[in-house]
Protein chains: 2
Amino acid sequence: MIKCVKCEQVDSIMKAGYVRGKQRYLCKTCNYYFTHSEKDLSLPSAVKRKRHQTTIIDIAKSLGVSNSTVSRALHGHADINPETRQAVLDKALQLDYQPNQLAYNLVKSKTNTIGMIVPEFHNPFFPNVIIGAHEVLTKAGYNLTIMQSNESYQVEISNTKAMLANRIDGLLISLTQETNNFEHLGVFEKRGIPLVLFNRVCEQINVPKVVVNDFEASFLAVEHLIMNGYERIAHLGGPLNLLVSQERLRGYRAAMEKHGKIIEDHMIIQGMLTQQKARIYGQYLLDLANRPDAIFAVNDSAAIEIMLIAKEKGISIPDELGVVGFSDNPESAYIGPGLTTIRQPTHEIGRTTADWILQLVDDEDVILPDKKILKTELIVRGSSRRCVRGNTKKVRIQ
Amino acid sequence: MIKCVKCEQVDSIMKAGYVRGKQRYLCKTCNYYFTHSEKDLSLPSAVKRKRHQTTIIDIAKSLGVSNSTVSRALHGHADINPETRQAVLDKALQLDYQPNQLAYNLVKSKTNTIGMIVPEFHNPFFPNVIIGAHEVLTKAGYNLTIMQSNESYQVEISNTKAMLANRIDGLLISLTQETNNFEHLGVFEKRGIPLVLFNRVCEQINVPKVVVNDFEASFLAVEHLIMNGYERIAHLGGPLNLLVSQERLRGYRAAMEKHGKIIEDHMIIQGMLTQQKARIYGQYLLDLANRPDAIFAVNDSAAIEIMLIAKEKGISIPDELGVVGFSDNPESAYIGPGLTTIRQPTHEIGRTTADWILQLVDDEDVILPDKKILKTELIVRGSSRRCVRGNTKKVRIQ
DNA sequence: TTGTACGCGTTATCAG
DNA sequence: CTGATAACGCGTACAA
């Protein structure tokens, strides 16, 4: 009944399994495999689970035109008959056509998406930066994909890989405290994907960076303490492999030295300040025989923890202890007494990084400054004001 | 000079634009277009901007095998010679091969990405939900793309379109206060893309929802005020088209009625509470001839604004005015006196929505509850405690 | 065990 | 103005 497709033999045919619902045969004479499709046994289409999404081809078929015509009509390209265009547009609406961005991305090798990797989400700092960046990117028609490295170098690496695989058009990144090696960032350069660092930056890699004037801000904050009569000022700093921590420490030292204050080694503690650590370090400092009369902390959460410890110990703020933080978290304005702190222009940081990445995406040869240093503001509140009493004061830091 | 490719005519040739740097001609005799490439004018390859990224084909070529073999090797499929596999793997490393997720996505019609649309970023609520969702999704190997609708129905629609175009595998969404029409969400159902609503949900659409017990929480908060001897309790509520606002209002009413308190219409103000609005409404309430002796606000920012106004007016809290908020923002613990408020399990909300969407993505026929109602906690602080003085108290709300 | 050929949905190029 | 056709990079059914 069945004869070989090749040698037309009939006798030497044997069955050889099924292929896609069709019987498969082998001709033993010419050793040739073939299938014979007497009837399409494929199940009714109901089985087909994957929903069909209207494509450009569906429109083309139902209109009897080519897909290129549809594509042109959809994009309002020139050289197209207005009637044809309208017909396509109508049909697209009728068929509920939704362009497939994936296919577009594949062809264009572009995703219209900017990636952002942040180390943590617990302080309001990064969410606020996100707000700023989001605003600019959305306005420019870009999407923002956010990943969180959770202060882990390994997670950061896997994040960058995922970003790479997803072919983001540009990356905004703030490094983890663990990150000392930057090969994973070099890859972006190699691939021509622009990169902007912000806040947690490093010097080892040559890309634009957006930061604040950590040195000057810290300098002024400590000088402000000194002006208020504090003498023995301690510093609760962040991990020293972060440039921000280094800069803030440098500002502290410079102010102390300028005013001839002695810096005792045990009055400087650097490290990752979880709430628990802040409490441990704070207790240590305040239990010291010759305890500091002021503490400059690298962030507000730590500063507030200090204030709470002081209250528990009955140390009065600001008379017996001055406290200054960094970042101006919302709670800092409301705690009593208000926490003197340094306000960072978070939204502006976000807007600037976004603005830069867009410029780089648009034209990879654009010349951008190495670094943008945004200005902070010293917000003077009750926690550090021994001399004058009054309302919150603001000092713009150049 | 130029003759027609077809009819070999010379005289009837006219120029007809350029194609890819080449002159294009039209033969008027035979009405035939053609180009004549006397010299390739294309610029040296240096102009070619697009960098080549190693593909599976590059590996295949340099190894002299087929791309399917490479694909199989890369995915550890069965039926492949271990040596071949190793060779491919080595070559991939050597050539710094990075899989192109876009192409993969296109073929698979799947992106391994969950989308999330939130109405705003200003309160810590949504960032915290994001932390929770992010945690679960990352662990499951999914990416999270976040968009912000900025409380605008139009932006929400364009966000959902972008999500659709990007072929996310599932969507987590919290609606804007303007959203009254839900067609843009129906589309997802039609496309078989699972959806989970959280916080700002609606009843008109039949998808799983994750919320907190707003009614019970509000009821208890108001009852707590009543127990502390407050009589004339006002409510500063959110926009009434939000279910959360309705529920919180309902809780307020129920508690008032249960305890036989009169609800005066002008003591209830509903609306979008920007800081400015909170101030206006707060001033109005506190300037009333027969002003309220307590205010239950729909969020902490509004409650804190009330406290500030009261301070300015010299109204003492909690003696002359009790205040209760909602959400337990960080600042609420630190303001003096501490703000009594209702803590929402933000991380858990995020984790739950993420968990659900993953189940739905995994199996679209999985049966999930209509709604998950998470428990809140009443955090009693100084702003509402007339009777007893002491530390913060917590009440788990069932 | 491996190779061939096609499909995924678009855009761009080029020919008519 | 319109249609064919080749990419884009990968997965996989089918053939050998």
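Keep in mind the model is a prediction, meaning the values are calculated, not measured. Chain identifiers are assigned alphabetically (A, B, ...) following the order of the sequence lines, protein sequences preceding nucleic acid strands; residue numbering begins at 1 within each chain.
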Tell me whether the OP1 or OP2 atom of [N] has a side-chain N or O from [X] closer than 4.0 Å.
| X | N | answer |
| --- | --- | --- |
| B:Ser71 | D:dC10 | no |
| B:Thr84 | C:dT2 | yes |
| A:Ser109 | D:dC8 | no |

Residues which pass side chain to side chain contact (heavy atoms under 4.5 Å, CB included) with A:Ser68, listed by chain and number, not counting sequence neighbours: A:Ser66, A:Arg72
Non-neighbouring partners of A:Thr54 that pass side chain to side chain contact (heavy atoms under 4.5 Å, CB included), sequence neighbours left out: A:Asp58, A:Ile59, A:Leu95, A:Tyr97
Please state how far atom [atom1] in [X] lies from atom [atom2] in [N], giving the value in whole angstrom units.
| X | N | atom1 | atom2 | result |
| --- | --- | --- | --- | --- |
| A:Leu74 | D:dT2 | CG | C1' | 16 Å |
| B:Gln53 | D:dC8 | CD | P | 12 Å |
| A:Ile59 | C:dT10 | CD1 | C1' | 12 Å |
| A:Tyr97 | C:dG9 | OH | C1' | 8 Å |
| B:Leu106 | D:dC8 | CG | C1' | 9 Å |
| A:Asn105 | C:dC8 | CG | C1' | 14 Å |
| B:Ile57 | D:dA7 | CD1 | C1' | 10 Å |
| A:Asn166 | D:dC10 | CG | P | 13 Å |

Go through [options] for me and flag the one nearest to the [X] side chain.
| X | options | value |
| --- | --- | --- |
| B:Val107 | D:dC1, C:dG9, D:dG11 | D:dG11 |
| A:Lys108 | D:dG9, C:dA12, D:dG11 | C:dA12 |
| B:Thr55 | C:dT11, D:dT2, D:dC10 | D:dC10 |

Other residues, nucleotides, ligands: >12 heavy atoms within 6.0 Å of B:Lys110 NZ: yes
Ring geometry between A:Tyr153 and A:His184 (parallel below 30°, tilted from 30 to 60°, perpendicular above 60°): perpendicular
Whether the side chain of [X] engages the backbone of [Y] through a donor-acceptor N/O pair (distance < 3.5 Å, no angle test) should be reported.
| X | Y | answer |
| --- | --- | --- |
| A:Thr69 | A:Val65 | no |
| B:Ser174 | B:Val118 | no |
| A:Asn166 | A:Ile168 | no |

At a cut-off of 3.5 Å, list every protein nitrogen or oxygen paired with a nitrogen or oxygen from nucleotides 3-6 of chain D, distance to 0.1 Å.
residue : atom : partner : partner atom : Å
D:dG3   : OP2  : A:Ser66 : N            : 3.1
D:dG3   : OP2  : A:Ser66 : OG           : 3.4
D:dG3   : OP2  : A:Thr69 : OG1          : 2.5
D:dG3   : N7   : A:Arg72 : NH2          : 2.8
D:dG3   : O6   : A:Arg72 : NH1          : 3.1
D:dA4   : N7   : A:Ser68 : OG           : 3.2
D:dA4   : N6   : A:Ser68 : OG           : 2.8

Position toward the 5' end of DNA chain C (nearest nucleotide), B:Asn81 or A:Asn100: B:Asn81
